[in-house]
There are 2 protein chains.
Amino acid sequence: MGFSHLSRPGESFSAAELTPSARAVFRSLVAGGPSTRPQIGEQLALSRPTMSASIGELERLGYVEKIGESQGSLGRKAALYRVGAGAGHVVAIDAGSTHVRLRVATLDHRLLHSRTYRLPTSHRLMNEEISRAVAEEFAAAATETEAGWGPLRAIGIALPSRVVGDGAERASTRQDELFTHFAPPAGPKLVLENNVNCAAVAENVYGVAQGRQDFAYIQIGLKLGMGLMLGGRLIRGRNGAAGEIGHLAYPFAPGHTPVAGEAETYLGTEALMQRVRDAWPEAPPPPPEDAGDLFARAEKDEVAAREQVERHAADIGALVASCVALVDPGLVVLGGGVGTSPLILPIVRKVANALSYAVSVETSSLGPDATVLGIEKLAVDRALDVVLAQPSP
Amino acid sequence: MGFSHLSRPGESFSAAELTPSARAVFRSLVAGGPSTRPQIGEQLALSRPTMSASIGELERLGYVEKIGESQGSLGRKAALYRVGAGAGHVVAIDAGSTHVRLRVATLDHRLLHSRTYRLPTSHRLMNEEISRAVAEEFAAAATETEAGWGPLRAIGIALPSRVVGDGAERASTRQDELFTHFAPPAGPKLVLENNVNCAAVAENVYGVAQGRQDFAYIQIGLKLGMGLMLGGRLIRGRNGAAGEIGHLAYPFAPGHTPVAGEAETYLGTEALMQRVRDAWPEAPPPPPEDAGDLFARAEKDEVAAREQVERHAADIGALVASCVALVDPGLVVLGGGVGTSPLILPIVRKVANALSYAVSVETSSLGPDATVLGIEKLAVDRALDVVLAQPSP
DNA sequence: CCCATTTGTTATGCGGCTTTATGAAATGCT
DNA sequence: AGCATTTCATAAAGCCGCATAACAAATGGG
């Protein structure tokens, strides 16, 4: 069999050579959670001897571990395996503008540790404060690292800004500000991703877009953003700017000259509230304090509030129609403070379908953890690439 | 080696079993044109014995054939191979609204036969006339089929309408009208694709978008359309409606209510000419006859014409900006009658970049054959799937 | 307690490939 | 012409990853 390269365990650490079926078995355990040998064998159509060899390889490296024996209405007990500590873990950080959320998890998404830090004030943009918070939270989590979690494979960070790969020009990106106070360790892979894209990934893994090959996640709140998944892959774009729907041509009509970023300004919460205040009748009920107030009163059937909300929903419907016209995702998931309001859903649905092709519109069901769960998934994917990397030559 | 299943040649026709390396060799010949054994061997990192075996398999099936010996500044001559007649051929048809173009080609894109039929009048939509023309052209081509071209593997047809796969609802599609007079033979695979998508494929293979992983082909003429290629794959959308930019929300501005399909109407050639006529000054030069006239006179620096063209170009720039904002393709190729005018290019470039992220804008360099070349490529791809299909169980 | 049933291990073989060795053909130098 | 050199093709041997087959071990039911 040629195990000579494994005779001194721990020596050839990163260059772990695995047989293809061992890789498949590991992937199955990561995706499907704890399973017995025959379960995996049947799922992957592998023979029992091959399973034996694969599990042997993985167990020797600590990538999997036996966690018991299981059931069998008849016959011998089957051994139950799961991803082992040797496979390591990941840290996922949602570096939001109002809070920093952190999760430490195994490659099969078992939560090892979790923290949340609320930033003192609401910052609109990536800045030093966030960088400092990330550094502190990461350091705090690192001290809690228990032995037995294995090596840290990847650090994923979700950012509220455009994110570009190493190749492209990153001048206009704010992503570098993250590192003013936070110095990531050298070993683990660093995974940066836009927070809206992360939310889309989370919807795809845990939410209403579960398993969908094609859909768009559209976030409507203070700012606008879209995460696109087409053909099962996240669409990032050449400059990491895919999904910047705030830059749709707007106003786009005869006699008007579009202004850069105006769609975001007009459809964002601030401009909405300004319009609401301007159009508010003189009569008794005073104009709403903020967007939350507006939607709450609209739900109570307060006429003026309702009218404003419905008009805004129609605008959003037009926005969604534009997205549908370009990529025809088949499903649009609405997220963000305004996007998740139950009032706007039927109107957006109606307008979008009237203006473009058939599209399902649903409201995001994931809570505030969506972003951190999405970046965790991406970090795990990256970690798997490393763990299961085949030797290059 | 186990060649028993090949002992009676021609018997196991469709279930040709090929080794993985033989498949790779065949693919290399298809993609790279005629090559010598050592060239392929080096490119695929295959040993000479493996090359020998692979070529042997392929030659026995007629999939490749020796077409000579070649070069060598020193040493023995190398045998030169190319895709053989046994691999078969494809028929590609551009069923346009003004003409039907047909090409018969081998899997390595050697042109075997070509015809063009100009429809008597300009039909806007898929209709019986086109179906009849397709049937006639296909039948005429079939009679010319020379022995030695091998089996017909696939028929590709580019349609000026939405195209959906077998699964989705095709009610609102006009694609079925194609078959009112044209009955395709049962054997070969049928490949249907939207004509704009085909043009995009052609740009990707032969044109200015050669080898690009991400770009958008935007056609501006009587109608508007976009072919999207992201991550090296054509984006078709859930209902085959991706790229229907004519359905962008328009007019999209405060106080306006968008109308379905209005972007196409407004930015299409007819509406443009109507506006031009309405705005034309009373003075001597009479308003232009048609779009061609308008652009010709604009190029001659006729002030009124120039003004109109520039305003239209700015509108198109806004349209392009919307596409860029959503998918950030990095490159936009302009096609179609209006899109290829050299006058609009710099303005579109400027407006698109001002409104959204960095994007290259280029003019299509492929002539009227673009669509048929694109569908030919897609038909060949499909044919390869068939020829190189591995036995399922 | 024996037996059917399921799980895990060991032995053997096969397909697809590589490497090594050997033979054949074309070229330049003497 | 004869020869070394270079390149291409074939033959033989062996590796790697997997499957099949046969056997050993564990478990519950008559």
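Order of the sequence lines fixes the chain letters, A, B, ..., with proteins taken first and strands second; residue numbering starts at 1 for each chain.
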- prompt: To the nearest Å, how far apart are B:I55 CD1 and D:dT10 C1'?
  reply: 14 Å

Euclidean distance, atom NZ of residue B:K66 to atom P of D:dC8 [Å, nearest integer]: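 Interatomic distance, NZ of B:K66 to P of D:dC8: 13 Å.
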
- request: Take the protein atom CD of A:E57 and the nucleotide atom C1' of D:dC18, then report the distance between them rounded to whole Å.
  value: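 Interatomic distance, CD of A:E57 to C1' of D:dC18: 12 Å.
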
Listed partners of A:E193 passing side-chain hydrogen bond (donor to acceptor under 3.5 Å, both in side chains), at least two apart: A:N197, A:R236

task: Applying side chain to side chain contact (heavy atoms under 4.5 Å, CB included) between B:Y81 and each of B:E59, B:Q39, B:E65, report the one that passes.
output: B:E59

- request: Among A:L18, A:T19, A:V30, A:L46, find the one that has a side chain to side chain contact (heavy atoms under 4.5 Å, CB included) with A:V25.
  value: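 So the option named by the test is A:L46.
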
message: It should be established whether A:K77 places a side-chain nitrogen or oxygen under 4.0 Å from OP1 or OP2 of nucleotide D:dA26.
response: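 For D:dA26, OP1/OP2 do not have a side-chain N/O of A:K77 under 4.0 Å.
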
Among D:dT10, D:dT27, C:dG8, the nucleotide that comes nearest once only the side chain of A:S52 is considered: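 Out of D:dT10, D:dT27, C:dG8, the nucleotide with an atom closest to A:S52's side chain is C:dG8.
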
task: Return yes if the base of C:dT7 and the side-chain atoms of A:R76 contain a donor-acceptor N/O pair under 3.5 Å, otherwise no.
output: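 Answer yes: a donor N or O sits under 3.5 Å from an acceptor.
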
message: Any residue in residues 28-50 of chain A with a heavy atom nearer than 4.0 angstrom to DNA chain D? Just list them by number, or reply none.
response: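 The stretch gives A:A45, A:L46, A:S47, A:P49, A:T50 as the residues lying under 4.0 Å from the strand, ordered by number.
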
message: Reading DNA chain D from 5' onward, which residue's closest nucleotide shows up sooner: A:G75 or A:T19?
response: A:T19

- request: Return yes when atom CD of A:Q43 has more than 12 non-hydrogen atoms of other residues, nucleotides or ligands closer than 6.0 Å, and no otherwise.
  value: yes

task: Please round to the nearest 0.5 Å and tell me the distance separating atom CG of B:L107 and atom CG of B:L384.
output: 5.5 Å

field: Euclidean distance, atom CD of residue A:E17 to atom P of D:dG17 [Å, nearest integer]
entry: 8 Å

query: Over how many whole Å does the gap from B:L18 atom CG to C:dC17 atom P extend?
result: 11 Å

task: Using distance alone, with no hydrogens and no angle criterion, decide if A:S35 and A:R82 have a side-chain donor and acceptor under 3.5 Å apart.
output: no

